[in-house]
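To keep things clear, I will list the structure first and then write my remarks on it.
Given the structure is predicted, the values throughout are model-derived calculations rather than measurements. Lettering of chains follows the sequences in order, A, B, ..., and the numbering in each one begins at 1. When reading the values below, keep in mind they use all heavy atoms of this one structure, side chains included, and skip hydrogens, waters and symmetry mates.
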There are 2 protein chains.
Amino acid sequence: MDEVFKALADASRRSLLDRLHARNGQSLNELCEDLAMTRQAVTKHLVILEEANLVTTIKHGREKLHYLNPTPIHQIGERWIRKFERGKLAALSELKRQLEKRDE
Amino acid sequence: MDEVFKALADASRRSLLDRLHARNGQSLNELCEDLAMTRQAVTKHLVILEEANLVTTIKHGREKLHYLNPTPIHQIGERWIRKFERGKLAALSELKRQLEKRDE
DNA sequence: ATAATAGGCAACCAAGTGGTTGCATGTCAA
DNA sequence: TTGACATGCAACCACTTGGTTGCCTATTAT
């Protein structure tokens with residue numbers, strides 16, 4: 001779980017996920033196109049995404065194809081984010097309530 | 001948006017958000033209890049959470065009270081995570097399809 | 001008034017991160 | 001078979017990060 005959060009913390013990596021979301025199964029060189037980074041930098045990002053299980057790769061000849069795995073993202077949504085969605089407005093009114101309580 | 005992802009990338013900070021989710025409006029010292037960190041380290045984490053707009057503070061006498069703001073978390077859920085939830089299973093079948101296509 | 005309490009500020013440090021360059025390896029095409 | 005292409009590996013670098021210690025300020029309680 002921590003690995004997923006850390007992997008998502010970098011804008012370049014999120015953009016790589018976006019690219020795979022737009023077109024799945026791209027090779028390393030395809031993913032490098034129009035990016036202001038060397039191929040090696042992209043490789044490092046992809047390794048981090050793989051270790052977080054966000055990307056799966058398959059070697060196909062001399063190419064390495066990258067596939068998006070949205071499951072960890074989904075899990076973060078389910079297990080973590082939903083928890084904080086409940087009582088969003090309730091929080092504000094509780095703020096007021098607690099402030100008044102402290103002044104008693 | 002980037003600040004929010006970066007703020008959430010650290011387990012200590014997520015645990016601070018959990019604590020505030022359990023009981024809102026805690027002071028700095030309360031948030032430090034039973035944590036294997038100095039007060040100053042916790043302060044630094046809280047500053048990052050404030051800058052990401054995940055936590056709001058109100059000074060109350062000599063205490064500084066911390067309140068959770070779940071809005072940015074909710075936005076990440078809405079604007080970013082939901083995007084990847086569609087077609088989770090579709091991705092697997094498309095993987096197969098594209099592999100076959102490449103072999104033609 | 002003064003001591004204790006809550007917090008702020010700044011310097012410092014080790015380890016991690018994002019990036020580079022240079023070179024090596026494996027695979028395809030002419 | 002040989003050159004071009006796709007990727008891998010390793011060393012190196014600057015900057016960031018998460019943490020510390022030491023000291024200062026402001027507020028409260030006795």
> Does a side-chain heavy-atom distance below 4.5 Å link B:Phe84 with A:Ile76?
Replying inline: no
> Are OP1 or OP2 of C:dA6 and a side-chain N or O of B:His60 less than 4.0 angstrom apart?
Replying inline: no
> Between A:Lys6 and A:Ala41, who's closer to the 5' end of DNA chain C by nearest nucleotide?
Replying inline: A:Lys6
>> Please enumerate all residues that pass side chain to side chain contact (heavy atoms under 4.5 Å, CB included) together with B:Glu78, with sequence neighbours excluded.
In response: B:His74, B:Arg82
> Quick one: what's the B/S/- string for nucleotides 5-13 of chain D, heavy-atom cutoff under 4.0 Å, read 5' to 3'?
Replying inline: BSBBB-B--
> Can you check the B:Leu16 CG to D:dG19 C1' distance for me, whole Å?
Replying inline: 14 Å
> Could you state the CG-C1' distance from B:Asp2 to C:dG18, rounded to the nearest angstrom?
Replying inline: 14 Å
> By side chain to side chain contact (heavy atoms under 4.5 Å, CB included), which residues pair with B:Arg39, not counting sequence neighbours?
Replying inline: B:Leu28, B:Asn29, B:Cys32, B:Thr43
Name every donor-acceptor pair, under 3.5 Å, that has one atom in a side chain of residues 1-10 of chain B and the other anywhere in the protein, sequence neighbours excluded.
| residue | atom | partner | partner atom | Å |
| --- | --- | --- | --- | --- |
| B:Asp2 | OD1 | A:Arg14 | NH2 | 2.9 |
| B:Asp2 | OD2 | B:Lys6 | NZ | 3.2 |
| B:Lys6 | NZ | A:Ala9 | O | 3.4 |
| B:Asp10 | OD1 | B:Ser12 | N | 2.8 |
| B:Asp10 | OD1 | B:Ser12 | OG | 3.4 |
| B:Asp10 | OD1 | B:Arg13 | N | 3.2 |

> How many Å lie between CG on B:Asp10 and P on D:dT17, as a whole number?
Replying inline: 11 Å
> Roughly, in whole Å, what's the span from CG in A:Leu35 to P in C:dG18?
Replying inline: 15 Å
>> Could you tell me how far apart B:His45 (NE2) and C:dG8 (P) are, to the nearest whole angstrom?
In response: 15 Å
>> According to salt bridge (Lys or Arg N to Asp or Glu O under 4.0 Å), who are the partners of A:Glu50, at least two apart in sequence or on a separate chain?
In response: A:Lys64
> Would you call A:Arg19 and A:Glu30 a salt bridge, using N to O less than 4.0 angstrom?
Replying inline: no
>> What is the distance, to the nearest angstrom, from the CZ atom on B:Arg14 to the P atom on D:dG18?
In response: 11 Å
>> Tell me the interatomic distance from B:Phe5, atom CZ, to D:dT17, atom P, rounded to whole angstroms.
In response: 17 Å
> OP1 or OP2 of D:dT20 less than 4.0 angstrom from a side-chain nitrogen or oxygen of B:Thr38, does that happen here?
Replying inline: yes
